Each structure stands twice: as C-alpha cells, then as structure tokens.
Student: 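Structure provided below as structure tokens; questions to follow.
Because the structure is a prediction, the values reported are computed rather than measured. Reckoned from all heavy atoms, side chains included, excluding hydrogens, waters and symmetry mates.
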Amino acid sequence: MRIFFNKLFLFPLLAIFSLKFYIPIICYFRGYGQGHLLRSCGLAAVLMTVAILYNLQTFFNDRVYPAAEQIPEFYYQDGKISLPDDGKSPDGFWQYDEETGRYVVYKYDNGQSMLAVRPDRVYYPENVFPSFNMSKEGQDFHVYPLITLNSNNLCVEMANISGDACFEYSVIFGKNDGVLTADTIIRTLINKVMQINMFLFLFIIYLILLFRQAIYITLTTLISLILQIIVKISLPKDALLRVNVYAHTLPLALLVLSFFFIDSPQIFYTLNNEFIILLPLFYVYVALSEFRKNLIVSVKDTMNKNGSTHAGDSFGHIKVGEMNSYSDKNGEDNPDDYKKDPFSKYHQNPGENGNPEKANSNEGAALKDDYNKCEGDDYFFTP
C-alpha cells in the first residue's frame with residue numbers, strides 16, 4: 001500500500017520538482033510508463049471533477065439561487081408547474097409574450113440570460129447535436145449557463161451552444177400535487193443530476209485525459225529523437241518513451257490547476273497556453289544530458305583507476321542498449337532492486353579509426369564493473 005501511494009502522490013511530485021529523479025527513471029524503471037500514465041490521469045480526473053463541481057456549486061450559490069429565491073411560488077400538479085390565479089404574484093413581476101405567455105428573465109452583467117422562467121410554456125427539446133461555438137469577448141473566454149424553467153421541465157444550455165439538456169419535473173417530484181418554488185426545483189434537480197452523473201462524468205474526463213496525454217506524449221517522443229542527436233546519446237525506445245511520460249506530469253498538473261480558476265479566464269488560459277507542450281522537452285533534454293554525463297564520468301573514473309590510456313579520449317554519440325531493471329508486482333516503476341546489471345550491451349562509440357569494438361572493450365567493461373554514478377546516493381531513489 002505504501003508503494004502504491006508513493007507512486008500515486010510522490011512520483012508525480014518528484015517528476016515535477018526533481019530533475020535527478022529522471023536518472024532512476026532511465027536506469028531502473030521498467031516498461032513504457034503506462035502505470036504512471038494511468039495513475040496520473042486518474043488522479044487528475046478526480047481533481048478536475050472536484051474543481052468543476054466546486055465551481056458549479058459556487059456559481060449556483062452566488063448567482064442562480066439568489067435570483068430563484070425572488071420568484072413566487074408555483075402550483076405543482078401532474079408533473080407540471082403553473083402560476084396561481086389568486087393574485088399571489090406581485091403586480092408587474094411577470095412580463096408577457098404572445099408565443100410563450102408570462103415569463104421573467106434574470107441576466108448576467110454582460111446582458112446574457114442566466115435564469116428564465118416560462119410557466120405557461122410546455123417545451124419539448126429538439127434532438128439536435130450541439131454545435132460548440134463558444135463566445136469569446138476580447139481576451140476573456142466565458143461559458144455562460146442558461147437555466148430555463150418551463151411548465152413541464154427544467155432545461156440547461158450553454159451560451160452559443162445549440163441544443164439543451166432538459167429534465168422532467170415528474171422524474172424527481174412524482175405527480176403528487178403541491179406547492180414548489182423555483183429555488184427548490186433548481187436545487188433538487190441540479191443536486192440529483194450531479195449525484196447520478198458524477199461517476200459517468202469522472203469516467204469521461206479520465207478517457208479524455210488519457211487520449212490527450214497519449215497524443216502529446218507521442219509528439220514529444222518523436223521530437224526527443226532529434227534531442228538525442230543533439231545530446232549525442234540514444235536510449236532504448238522504452239526508456240525514451242518512459243521519460244516522456246513522466247515529463248508530461250507538469251503540463252497535466254497545470255491543466256488540473258487551471259480548472260480551479262474556471263471563473264478567472266485569464267488565469268485559466270494562461271495555464272492552458274499552447275506553449276506548455278514545450279515544458280516536457282526541457283525535462284527530456286536535461287535527463288538525456290545528465291544521463292550521458294553520468295556515463296562518461298563513470299567510464300573515465302574507472303578507466304583512470306585501471307590506468308587506461310583511453311581515459312582522456314573524447315566521446316562521440318553514445319548508444320545505450322536494452323536495460324535490465326526491476327519490476328514490482330504491477331509490472332513497472334520500482335527501482336528497489338537496483339544492484340542488477342544496468343545494461344545488456346553498453347554503448348557504441350566510434351573510437352579510433354572508426355572501430356567501435358576496440359572502443360567498447362575498455363569503456364564497456366568500465367561501465368559494467370563500476371557503474372557508481374547511476375547507483376550513487378545523489379541519483380538513486382527508493383520509493
């Protein structure tokens with residue numbers, strides 16, 4: 001259990017704040033990083049769901065419910081609401097429209113509708129697939145929900161999105177006669193909808209995050225092939241992909257953080273800036289550079305101890321072969337058994353006269369016998 005919680009909470013923190021953590025990711029971790037991808041997206045989905053529900057609840061408490069409390073009571077009968085005819089509504093409260101009858105509309109500060117009550121209209125929504133054309137005002141990007149109380153249902157739609165979601169009153173309140181207020185109707189229906197659909201909503205967010213991360217990880221992994229040429233080191237494909245998976249922890253964390261600022265568009269879109277995709281490349285570049293430097297220092301130190309004449313030679317492009325690493329019961333990401341041989345074959349160095357075998361004879365042995373830099377206290381991580 002401790003290992004699981006370390007992987008769930010500690011590993012993401014280290015992936016963001018510790019560049020040295022990427023050395024054991026390369027040396028000791030196993031697989032393609034799929035476990036970290038699944039866990040991090042799961043944690044992010046939960047936090048994003050919490051953020052969305054919190055913002056929705058805050059929105060309703062601050063804006064919708066105070067407006068709904070001002071609306072007079074309704075008669076409720078056979079799954080429909082209607083206005084009393086005994087003069088309980090204040091004079092001049094309701095406006096009148098020839099098509100929909102009496103109505104009242106509360107608006108946002110920008111003039112867009114927030115809450116509309118049309119107790120004389122029986123409404124049946126059209127089955128139209130929504131068109132997501134959001135409104136954008138200057139640098140601010142707003143999504144304005146509009147709630148409409150009709151005679152037979154409550155409908156929710158978003159500003160500049162065609163289509164709405166409607167809920168029949170009879171599903172929640174049955175068909176018993178009584179008296180209802182707009183505030184009671186909205187609170188009850190919204191709370192029921194949130195409770196019923198929360199896990200479905202969470203699952204959808206999880207799938208979207210997995211798809212999003214998979215695309216971005218694939219993109220940065222392809223770019224990392226160019227970084228390997230620049231840094232002059234080539235990792236096995238599983239290690240390179242694994243580094244990219246962990247490198248995307250920070251953009252995912254920023255995405256989650258942005259959802260706690262949905263009501264602050266400038267902060268929200270700053271945290272979701274398209275250039276954030278470049279952040280993982282920084283982690284990959286540093287990881288490759290540090291790992292190459294680790295190898296060279298380890299080789300030179302060992303060769304100096306052995307009195308080799310090649311200790312001062314310059315190193316060309318280093319190609320790392322398949323690594324042996326420890327796997328826990330979940331199949332990846334546990335560097336506890338770090339004493340195993342970190343390489344099956346070491347690297348390719350052009351050496352003198354273009355003879356890689358001659359160059360590898362000393363350098364490969366040095367790596368195998370004394371790979372202290374990758375095992376040192378500065379780089380080794382125990383979960």
Side-chain angles (χ1 to χ4, degrees), residues 7 11 14-15 19-38 40 213-214 216-249 280-299 315-328 330-351 356-357 359-361 363-376 379-381 383:
K7 292 179 179 181
F11 277 26
L14 289 171
L19 294 175
K20 292 182 179 181
F21 179 63
Y22 286 86
I23 300 300
I25 288 175
I26 296 174
C27 293
Y28 312 127
F29 287 15
R30 180 179 173 181
Y32 296 97
Q34 65 273 16
H36 180 73
L37 175 64
L38 295 174
S40 60
Q213 290 295 96
Y216 286 165
I217 290 170
T218 301
L219 178 60
T220 57
T221 302
L222 293 176
I223 300 176
S224 297
L225 297 176
I226 301 176
L227 290 180
Q228 288 189 132
I229 298 174
I230 297 174
V231 180
K232 296 182 180 180
I233 186 169
S234 296
L235 298 180
K237 60 181 181 181
D238 59 335
L240 184 63
L241 183 58
R242 189 165 61 242
V243 169
N244 276 272
V245 170
Y246 279 87
H248 275 272
T249 306
L281 296 177
F282 167 76
Y283 285 95
V284 175
Y285 177 81
V286 173
L288 293 175
S289 300
E290 286 295 315
F291 185 62
R292 185 179 192 276
K293 183 172 66 175
N294 246 15
L295 289 178
I296 293 174
V297 171
S298 180
V299 170
F315 285 73
H317 190 96
I318 301 175
K319 183 177 181 180
V320 179
E322 182 180 355
M323 301 180 187
N324 295 321
S325 57
Y326 177 77
S327 173
D328 66 2
N330 293 328
E332 71 151 342
D333 296 354
N334 195 330
D336 284 345
D337 192 2
Y338 66 95
K339 293 297 183 183
K340 295 189 176 182
D341 180 11
F343 298 98
S344 58
K345 46 184 182 175
Y346 304 101
H347 62 272
Q348 297 293 328
N349 187 350
E357 288 78 10
N360 286 343
S361 62
E363 296 162 12
L367 278 171
K368 185 174 183 179
D369 294 339
D370 189 15
Y371 192 59
N372 293 324
K373 285 295 180 180
C374 205
E375 294 179 358
Y379 294 101
F380 175 62
F381 173 77

Student: Can you tell me how far OG of Ser40 sits from CD of Gln213, rounded to the nearest 0.5 angstrom?
Tutor: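 Answer for the CD-OG pair, Gln213 versus Ser40, is 6.5 Å.
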
Student: How long is the gap from CG on Leu219 to CG on Leu281, to the nearest 0.5 Å?
Tutor: 8.0 Å

Student: Apply side-chain contact (heavy atoms from CB on, under 4.5 Å) to the pair Tyr32 and Val245, showing each step before the final yes or no.
Tutor: CA-CA 8 Å; Tyr32 296 97; Val245 170; 6.0 Å; no

Student: Can you name the closest pair of heavy atoms from Arg242 and Ile25 and give their distance?
Tutor: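 Shortest heavy-atom separation between Arg242 and Ile25 comes out as NE-O, 2.8 Å.
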
Student: Between the main-chain N or O of Tyr285 and the side-chain N or O of Ser289, is there a donor-acceptor pair closer than 3.5 Å?
Tutor: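 Side chain of Ser289 to backbone of Tyr285: a pair is present.
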
Student: Should the ring pair Phe29 and Phe21 be called parallel, tilted or perpendicular, given that the plane angle runs from 0 to 90° and is split at 30 and 60?
Tutor: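 Aromatic pair Phe29/Phe21 classed perpendicular.
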
Student: Report the distance from atom CD of Glu290 to atom CG of Leu295, rounding to the nearest 0.5 Å.
Tutor: 11.5 Å

Student: Tell me, do Leu14 and Tyr246 make a side-chain contact under 4.5 Å, heavy atoms counted?
Tutor: no

Student: Closest approach of Gln34 and Gly31, non-hydrogen atoms and distance?
Tutor: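 Between these two residues, the closest heavy atoms are OE1-C, 4.0 Å.
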
Student: Are any non-hydrogen side-chain atoms of Thr218 and Leu241 less than 4.5 angstrom apart?
Tutor: no

Student: Give a yes-or-no answer on whether the side chains of Thr249 and His36 include a donor-acceptor pair shorter than 3.5 Å.
Tutor: yes

Student: Using a 3.5 Å cut-off and no angle test, enumerate the donor-acceptor pairs between side-chain atoms of residues 222-236 and protein atoms at least two apart in sequence or in another chain.
Tutor:
residue	atom	partner	partner atom	Å
Ser224	OG	Thr220	O	2.7
Ser224	OG	Asn244	OD1	3.2
Ser224	OG	Asn244	ND2	3.3
Gln228	OE1	Leu235	N	2.7
Ser234	OG	His317	NE2	2.5

Student: Minimum heavy-atom separation for Ala247 and Tyr283, please, with both atom names.
Tutor: CB-CB, 3.7 Å

Student: Go through the structure and list residues passing side chain to side chain contact (heavy atoms under 4.5 Å, CB included) with Ala287, not counting sequence neighbours.
Tutor: Tyr22, Ile26, Val243

Student: Once you round to the nearest 0.5 Å, how far does CD1 of Ile318 lie from CZ of Phe291?
Tutor: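 Atom-to-atom, Ile318:CD1 and Phe291:CZ are 8.5 Å apart.
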
Student: Does the side chain of Pro280 reach to within under 4.5 Å of the side chain of Tyr216, using non-hydrogen atoms?
Tutor: no

